[in-house]
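Heads up, the thing below is written out as structure tokens.
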Amino acid sequence: MSRVLIWSLALVLLVGAAVLAGQGSRPVAPAQSGGTPRDTELARCQRLGEAAGQDARCQAAWARARARFFGEAGA
């Protein structure tokens with residue numbers, strides 16, 4: 001009787017672990033292409049990669065995005 005209980009518990013744990021592991025591998029939906037101008041500016045900065053750090057337009061876009069996120073005035 002105890003062997004059946006142990007094997008049942010092991011099976012439940014394995015199935016639970018498989019279900020939890022499978023949840024993290026779902027594909028992410030692609031971003032919509034018809035975004036607002038500020039979204040397109042942030043997308044442009046993302047495409048620039050490391051060079052965006054020196055780009056004045058990207059720095060301004062990031063400042064506006066931070067202001068919107070943190071609820072600062074002038075966003």
Side-chain angles (χ1 to χ4, degrees):
M1 179 70 173
S2 63
R3 280 188 180 177
V4 172
L5 183 60
I6 291 172
W7 283 109
S8 298
L9 180 60
L11 181 63
V12 168
L13 289 175
L14 285 174
V15 169
V19 168
L20 291 176
Q23 289 179 353
S25 63
R26 291 189 179 156
V28 176
Q32 299 291 331
S33 61
T36 62
R38 64 180 165 213
D39 294 336
T40 57
E41 184 66 19
L42 291 172
R44 183 188 76 82
C45 296
Q46 185 178 16
R47 285 190 305 273
L48 285 176
E50 199 171 315
Q54 286 76 38
D55 187 84
R57 286 173 47 193
C58 290
Q59 291 175 357
W62 292 330
R64 287 189 304 271
R66 278 192 303 276
R68 275 194 321 272
F69 181 80
F70 290 113
E72 298 170 7

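Only a predicted model underlies this, so the values are computations on that prediction, with no experimental measurement involved.
Taking CZ from Arg3 and OG from Ser8, the interatomic distance works out to 13.5 Å, rounded to the nearest 0.5 Å.
Listed by chain and number, the residues in a side-chain contact (heavy atoms from CB on, under 4.5 Å) with Arg57 are Glu41, Arg44, Asp55 (sequence neighbours excluded).
Pairing each heavy atom of Cys45 with each of Ala52, the nearest pair is O-CB, 3.4 Å.
Listed by chain and number, the hydrophobic cluster partners of Leu42 are Trp62, where partners are ILVMFWY side chains within reach of under 4.5 Å, directly or through others. Under a 4.5 Å side-chain heavy-atom cut-off, the cluster of Ile, Leu, Val, Met, Phe, Trp and Tyr residues that includes Leu9 is completed by Leu13.
Other residues, nucleotides and ligands contribute over 12 non-hydrogen atoms within 6.0 Å of the CD atom of Gln59.
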